[in-house]
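Structure first, then comments.
Here the structure is a predicted model, which means the values were calculated and not measured. Basis for what follows: all heavy atoms, side chains included, without hydrogens, waters or symmetry-related copies. Chain A is the first sequence line, chain B the second, and so forth, proteins listed ahead of strands; every chain is numbered from 1.
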Protein chains: 2
Amino acid sequence: MDRPAPNPDARAPLQDLEARCREHGIPLTIQRRAVLAALASREDHPTADQVYQAVQADLPSISRATTYRVLDTLVALGLVVRVSHPDSVARYDAKTYRHHHLLCDVCGAMVDIEPANLPDVALPDLSAAGIRVREVSLQLSGLCARCALETPGSAAPGPADSPRRNP
Amino acid sequence: MDRPAPNPDARAPLQDLEARCREHGIPLTIQRRAVLAALASREDHPTADQVYQAVQADLPSISRATTYRVLDTLVALGLVVRVSHPDSVARYDAKTYRHHHLLCDVCGAMVDIEPANLPDVALPDLSAAGIRVREVSLQLSGLCARCALETPGSAAPGPADSPRRNP
DNA sequence: ATACCTGCAAAAACTTTGCAATTCG
DNA sequence: CGAATTGCAAAGTTTTTGCAGGTAT
């Protein structure tokens, strides 16, 4: 739980990018590299615009439109996923393997929880309802480590009226 | 699994609204009633604009801005929740009790799964990581009943490249 | 009576698209 | 070189805000 997270799928993402681009016969552009690199290097779940800001550091010439297009491409290639978030802006994650999420009631941060840190969750059988389940993940609410420190009481009480957005 | 879902928290939502408004000392307006009623009467997880469209049927004079504001109020009152959805538009749900969601790979629909239909999921203990968990729910991906019927194979294969948005 | 809300209109934030120039293989 | 992509600018969506008038308690 403290080790650098043996990221199950952490083969250098940029190598994957090259492979996937070749597979699909599409060009491996500097922009695609840069966006993927920016996204893979962070632990949070940035919005498209936050990715844009980050990429600009390395590649000042990139445009916002390209960032959006590249993000779409990366999602299509399976190198990036759009994550489910209650906010009304798209958020992206370079961790494409199955994992869980905690949404902090206080700061609104979405933090990854490695499946290894939780008892295993079995694929539920909903065939009785005609539903075929492919994948399950947990969505937790509570207090992230940082906010838990600053908050008295040992149980997480309830959702804040609205999380401050500054994780 | 087939009964009309004995909705654990289905006390007439409009009664709750009156109570909550009184508690908070805020007016019970026709618009608040109408938005809550529209939301409570559907099974899907509509966007703010879809709620607006629906409310217009009963209350043609309502404005889009009011719909957005009322939705925020209802969320603050705890009568409605914003749900986590991978789309980049806010979606709302009048089911405020804990339940699970299935996201259909094919049609993109988000369907509710009653906790009663699944083995119980215990609150994980992440105190070792300094995290306090308040609530857990499952996020499933796969095929909804309707799409499962139209799709051959008994296992859910993998995510469609991008779900058609027409659940 | 008064505090809060609504509608309207305008602004802000987020995302997509058309097109010429550029880049990748 | 040819196909695909990028940047720019403009358009499309979604969401928020200011203000004057209206409404619930």
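Per the geometry, NE2 belonging to H24(A) stands 12 Å off P belonging to dT5(D), to the nearest Å. Distance CG (L74(A)) to P (dT5(D)): 12 Å, rounded to an integer number of Å. Rounded to whole angstrom, the span from the CZ atom of R69(B) across to the P atom of dT16(D) amounts to 11 Å. For I26(A) and dT6(D), the CD1 to C1' distance is 14 Å, given to the nearest whole Å. Going from atom CD1 of I30(B) over to atom C1' of dT23(D) covers 8 Å, rounded to whole Å. Atoms CG (D49(B)) and C1' (dC14(C)) sit 15 Å apart, rounded to a whole Å. Regarding L71(A), its CG atom lies at a distance of 15 Å from the P atom of dT5(D), rounded to whole Å. As rounded to whole Å, 17 Å separates atom P of dT17(C) from atom CZ of R64(A).
Under the 3.5 Å distance criterion, with hydrogens and angles disregarded, no donor-acceptor pair is assigned to the side chains of Q50(B) and Y92(B). Looking only at atom types and distance, the side chain of D125(A) has a donor-acceptor partner in the side chain of S127(A) under 3.5 Å away.
The aromatic rings of H45(A) and H99(A) lie parallel to each other, their planes meeting at an angle below 30°, with 60° marking the opposite boundary.
Nucleic acid contact for T47(B): none, since no nucleic acid atom lies under 4.0 Å from a heavy atom of the residue. R32(A) comes within contact range of the sugar-phosphate backbone alone, with a heavy-atom separation under 4.0 Å but no base atom that close.
Distances from the side chain of Y68(B) to the nucleotides dT16(D), dG7(C), dT5(D) place dT16(D) closest. Nearest nucleotide to the side chain of T66(B), out of dG7(C), dG7(D), dC24(C): dG7(C). Side chain of A65(B), nearest nucleotide from dT17(D), dT14(D), dT16(C): dT17(D). The nucleotide whose nearest atom lies closest to any side-chain atom of A90(B) is, among dC24(C), dT15(D), dG7(C), dT15(D). Nearest nucleotide to the side chain of S61(A), out of dG25(C), dG7(C), dG7(D): dG7(D).
Where L28(B) and D72(B) each meet DNA chain D at their nearest nucleotide, the meeting point lying more 5' is that of D72(B). Nearest-nucleotide mapping onto DNA chain C: of T67(B) and G25(B), the residue sitting toward the 5' end is G25(B). Toward the 5′ end of DNA chain D lies the nearest nucleotide of P27(A), the other residue of the pair P27(A) and I62(A) mapping further downstream.
For the OP1/OP2 pair of dC24(C) and a distance below 4.0 Å, the side-chain nitrogens and oxygens of Q31(A) include no atom meeting the criterion. Phosphate proximity of dT6(D) to T29(A): present, with a side-chain N or O under 4.0 Å from OP1 or OP2.
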### Query
What's the verdict on salt bridge (Lys or Arg N to Asp or Glu O under 4.0 Å) for D44(A) and R42(A), showing C-alpha distance, side-chain angles and the deciding distance?
CA-CA 6 Å; D44(A) 59 346; R42(A) 38 198 304 173; 2.7 Å; yes

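In this structure, the side chains of T151(B) and R132(A) come closer than 4.5 Å at one or more pairs of heavy atoms.
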